[in-house]
Protein chains: 2
Amino acid sequence: MTTKTPPLSETDRPLRADARRNHERILESARVVFAQAGPDAQIDDVARHAGVGVGTVYRHFPTKEALLAELVRQKFRLFADRARDALAKDGEPFALIEGLIRRNAATAASDAGIQYALASAGEQAWTQAQAEQDELLAVTAELIERARRAGTIRPDVEATDIGMLMCGLCSTMGARPDFDWRRHLDLVIDVLRAG
Amino acid sequence: MTTKTPPLSETDRPLRADARRNHERILESARVVFAQAGPDAQIDDVARHAGVGVGTVYRHFPTKEALLAELVRQKFRLFADRARDALAKDGEPFALIEGLIRRNAATAASDAGIQYALASAGEQAWTQAQAEQDELLAVTAELIERARRAGTIRPDVEATDIGMLMCGLCSTMGARPDFDWRRHLDLVIDVLRAG
DNA sequence: CACTATAGTGAACTATGATTCCGCTTGTCA
DNA sequence: TGACAAGCGGAATCATAGTTCACTATAGTG
């Protein structure tokens, strides 16, 4: 979760130092608070956790949903970074994909509450991260292509299939903590494997 | 969705005719309204759709969540009924399971909004349907056992695996209508099949 | 037919939590 | 170091629904 947030675009004036610091801090707190409290997390909680006033949160993110959306964007960026790393490495292509997926699932599990919060937030939070999502899909497609040539992945798998399956896995994590997501993950990986 | 609702338990006095009629009508309206509007659906909407006052809805269901929970209970009962039917039929056991799953998925898709509403409602709605869920799991386990003996199902599949996968499928339907749930379903079925 | 227990009605009440706003503080820059 | 734009704080505001309740209507019964 080290991906840098680009400075508040708009007219793109450089943020004051304290503002930049707070921006980061708020995002980090949002991550923690939403992960822990899920949909019940309130902006006030995020503000308190970050040690700033609510007003400050609102200066940086116009709505709660925007804050959530930024969290999603960051996560997609992280996943895309990891996918690019995998693309750079060499090794058995399917194994790379599997490793990637397992790692991402573990990340998602560690803050399942965010997924849960997202579910309540409505789909706009997702669509606001469209670009990052597409980027991830593009990189994933390359990885798939490579595995397909190696013949180690189920030949008809598309990048969106993986997205869909992971989406199912993650929302289940959030909504039903009683389920064993590792088992679910194993099943997902098996369906992707050739043969 | 023809499963009968048992009369309001408590001291179990027989409901007045109009009350019974309204109970049914409210449930039916709730199904329609939640399916359409998802988490945005309000009790007032349900009441209006059913042609009754809000107070009447509250006479029958103490909270919004209780109403949602009853919807879930009904759905599980329906699925369990179907599973029992499948158990009674004879034919290739895995094919029976596949048919069942496909049918249930189609049902779920037809009111994906309910799944979505549920996601926002919190997990209590699920735990309130625990009994019905367990019943479904039990019948499913029998179907699986049969398929396992026939060697046509992936040998290590448990009933909860199917529940988990379907849960993932259904929540994805609700949260991401842009995804192709039929494809998702095909993948799920493939992972269950003996490989 | 009364009579009454049961049920229905919907305006009013509340709780919750997001968002605003304005006076105060603090980086930044000359 | 002073000026001031950028940023901050957090009490107050507002909106949205869920829920209640005092009153009215009506099945069911003798």
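Every chain is numbered from 1 and lettered A, B, ... according to where its sequence line falls, protein lines coming before strand lines. Being a predicted model, the structure only gives us computed values, none of them experimental. Computed from heavy atoms alone, side chains included, the values below leave out hydrogens, waters and symmetry copies.
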Engineer: Under a 3.5 Å cutoff, is there a donor and acceptor pairing between the side chains of A:T107 and A:R82?
Structural biologist: yes
Engineer: What one-letter contact string describes nucleotides 10-20 of chain D from 5' to 3', where B marks a base within less than 4.0 Å of any protein heavy atom, S marks contact via sugar-phosphate atoms alone, and - marks no contact?
Structural biologist: BB-----SSBB
Engineer: Using a strict cut-off of less than 4.0 Å between a Lys/Arg side-chain nitrogen and an Asp/Glu carboxylate oxygen, indicate whether B:R149 and B:E145 qualify as a salt bridge.
Structural biologist: yes
Engineer: For C:dA7 and B:N22 - does any side-chain N or O of the residue sit under 4.0 Å from the phosphate oxygens OP1/OP2?
Structural biologist: no
Engineer: Quick one: A:R59 CZ to C:dT25 C1', roughly how many Å, whole number?
Structural biologist: 12 Å
Engineer: If you compare every side-chain N and O of A:H60 against the phosphate oxygens of D:dG7 (OP1, OP2), does one of them come in below 4.0 Å?
Structural biologist: no
Engineer: Between B:D190 and B:R193 (salt bridge meaning N to carboxylate O under 4.0 Å), is one present in this structure?
Structural biologist: yes
Engineer: Rounding to an integer number of Å, can you tell me how far A:L67 CG sits from C:dT19 C1'?
Structural biologist: 14 Å
Engineer: What do the steps show when you test B:D111 against B:F34 for side-chain contact (heavy atoms from CB on, under 4.5 Å), and what is the final call?
Structural biologist: CA-CA 8 Å; B:D111 46 31; B:F34 281 119; over 6 Å; no
Engineer: So, A:R73 and A:Q133: side-chain donor and acceptor under 3.5 Å apart, yes or no?
Structural biologist: no
Engineer: Do NZ/NE/NH1/NH2 and the carboxylate oxygens of A:R84 and A:E135 come within less than 4.0 Å?
Structural biologist: yes
Engineer: Could you check how far CZ of A:R48 sits from P of D:dC8, rounded to whole Å?
Structural biologist: 18 Å
Engineer: Honestly curious: do B:Y116 and B:F179 fall in one hydrophobic cluster under the side-chain, below-4.5 Å linking rule?
Structural biologist: no
Engineer: Kindly give the atom pairs (protein nitrogen or oxygen, nucleotide nitrogen or oxygen) under 3.5 Å for nucleotides 28-30 of chain C.
Structural biologist:
from, atom 1, to, atom 2, distance (Å)
C:dT28, OP1, A:A17, N, 2.9

Engineer: Is A:R154 paired with A:D161 through a side-chain N to carboxylate O contact shorter than 4.0 Å?
Structural biologist: no
Engineer: Between B:R21 (CZ) and C:dT6 (C1'), how many Å, whole number?
Structural biologist: 14 Å
